[in-house]
Amino acid sequence: MKLWGRAKVFRRRMLCLWLLLLGFALVTLALSDLFNRDRENSYLKPGPPRRPLQRVPNPPDLEVVDYQDDALEFVVDLSPLNSLQEDQLLFVRSMQGTKSLPQRKGTYKVLLPVTNKHTTPATPTHGEMGKAVQLHLEGVERDKELSAAQKYGFNEVGSERISLHRRLPETRHPKCLGEQYSESLPSASVVICFHDEAWSTLLRTVHSVLDTTPKQHLREVLLVDDLSQHGHLKSVLSEYVSHLDGVHLIRSTKRLGVGGCRSLGAARAAGEVLVFMDSHCECQKGWLEPLLERVAQDRTRVVSPIMDVIDWQTFQYNATQWPVKGVFDWRLDFYWESKSQLQEKDPGFDIEPVRSPALGVGVLAIDRHFFQSVGAYDPGMLLWGAEQIELSIRVWSCGGSMEVVPCSRVAHLDRHHLPYRFPDEQLQKNKIRIADTWMDTYRKIFYRRDTLAHFIRQSESPNITERLQLKKSLGCRNFQWYLTTVYPQLYIPQDRTGLSGELYNVGTSSCADYPREHGLKGGSMNIAPCSGTGSQHCDLNSEGEVRWGPMGSLCLDTKGQQVILSPCLNPRPTASRLQWKFIKLSGQLVHQQSQLCLEAVKDRGPPHSNSVQPKQVSTRSSVGGLFMRPCTHHPRQQWHFEQLVAPKGT
Ligand SMILES: *[C@@H]1O[C@H](CO)[C@@H](O)[C@H](O)[C@H]1NC(C)=O
Ligand SMILES: *[C@@H]1O[C@H](CO)[C@@H](O)[C@H](O)[C@H]1NC(C)=O
């Protein structure tokens, strides 16, 4: 009996196992069939996904989850898209036009994240979305406990007081107001990625797009949640979004970072033109049409509006001065460069788009097919940092162009700090990918100015195989072409051996330094402990200029006895005022015009007592810095260029 019983159990188990296997095989078959078939019948209901979906604590009836297969357009041969697993996605479809909220009071309370119990009575301020807003307000009150500014990098409490529908003051050029745009402009998908964005800024971004965009040009707004943790971005947001026409919410179950998140949104987008937008923007009226028109005229053109600024503290709107261009320096940091001296002269110039060596990450419009064919965003660049530089070099080098369109304006909230932490080296790793993929031998210039990147690169190489293949298959031009044709304004350092590096002073054992906050306008030089990071790198070139900083646009200059930096003269040859000569034997750096020597004076500290005290030099001054003094052989006038990265390295 016992034996027979066991055999029966065993047989039953085997049967179950076989049934399971059979079932699995059938599901697999059905799935592969569905993927290969024409995608007209769109709602794919696969068995349980291979990875558990990251479900937020909410009842399933609120979050409409499905796999909207028809919205997908996989482009063959394209790695960025292949890397996006379907089962990492949740897609919340808009319940279009449904203005009444489902009445299920009983379950609503459950939706709120339970991490923080303490709540204070809510004050209704918006009242436009009824329940969802009220629910949200409880979250807001809770959030206030944390210092909002600390949490978000801007004054979030102040932002809450501002309407989600505020209008920006008119700052467009008067000529822009009379511009006519074709009725048949391509349609746009606005892709807004967010990670732990504040409620008010995120929703103001969405409403601002909806409020300023003609319906016929806006195909959809795709909100892509890059694995946010904050409670208000979960079911409350899903609920809110489900009542907005043409707004869809996609959630990733994996942290993708800026590039990955945007590539995901792009893969889901149906509009002809993609508009990538940061999650804390406000659009000026009529911002979209000028962008669409420029892209429609040339599908390889990538365009940006003028990026105005929203103050992180006051939420005041500040218009950016035109003309403005996107540029970057040899540390691969991006800047908007607003040049007022470029203005005037050409009467048409004020509303003509301006070609730009790079464009920022804030808002970018690009033809969807061009975006995919030029390689989307580099999937190897993780989290955040420098993806706009990579895209810019690639677009230009591989057949496209970039410009800023002045009749389009979008304001971007410039945060005080980034509210979340990245591994310290992530930014450098992204930059290393750019340097190694796109900069050819010019990458050495980068590594000398970012020694952290240099040392990371020494211990690990990025896998850029696929990007190099892409570069080759697209027939992209080299970096020298980019520098001479697209970005000739960028100074190309010479970095000669023994005449470049940190400018080390023997007498004070410190390095010549320039406080970064003085910016690109120039200011007085100082001395500081040698940083070793490349931030104090300078370059005495064959014209005799001592070029400073990652842009190389500032020159060592004098103002009375003081040594300052001022913008280098363009075009060269330079003025003799900016010319220096380094005498290797004595370590003296001699100013050519005055024949005086560069001397370091330490802050506050009393003059050195041990060594030869030169008669003429008074060091009683309590202010440290760099000064012009008659030449002596005092160690404070002895310098050498410390090369941190060997010239042959990397
Ligand atoms: C905006 O402008 C005001 C006054 O013009 C200025 O004080 C403030 O710093 C500006 N904010 C930003 C972010 O530029
Ligand atoms: C680099 O990536 C390619 C394609 O993604 C892969 O085939 C290759 O094995 C990788 N190489 C290394 C060294 O990991």
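Nothing fancy with the numbering, it's 1 onward along the sequence. Order of appearance sets the numbers: ligands from 1, and atoms from 1 within every ligand.
A donor-acceptor pair is defined here as one N or O able to donate and one able to accept, closer than 3.5 Å; no such pair exists between the side chain of Ser279 and the backbone of Leu202. For Ser228 (side chain) and Asp196 (main-chain N/O), a donor-acceptor pair under 3.5 Å exists by modelled atom type. Put simply, the side chain of Tyr487 gets close to the backbone of Phe328: a donor and an acceptor are under 3.5 Å apart.
Of all protein heavy atoms, the one closest to atom 5 (O) of ligand 2 is Glu466 OE2, 3.1 Å. At the top of the distance list for atom 11 (N) of ligand 2, counting protein heavy atoms only, stands Asn463 ND2, 2.9 Å.
Proximity to Thr465 (heavy-atom distance under 4.0 Å) selects the following atoms of ligand 2: 1 (C).
When distances from atom 2 (O) of ligand 2 to the protein are checked, a heavy atom turns up under 4.0 Å. Protein heavy atoms all stay at least 4.0 Å away from atom 7 (O) of ligand 2.
Between Trp330 and Phe479, the angle of the ring planes goes over 60°, which puts this pair in the perpendicular group of the 30/60° scheme.
Neither side chain, Asp308 nor His412, offers a donor N or O lying under 3.5 Å from an acceptor on the other.
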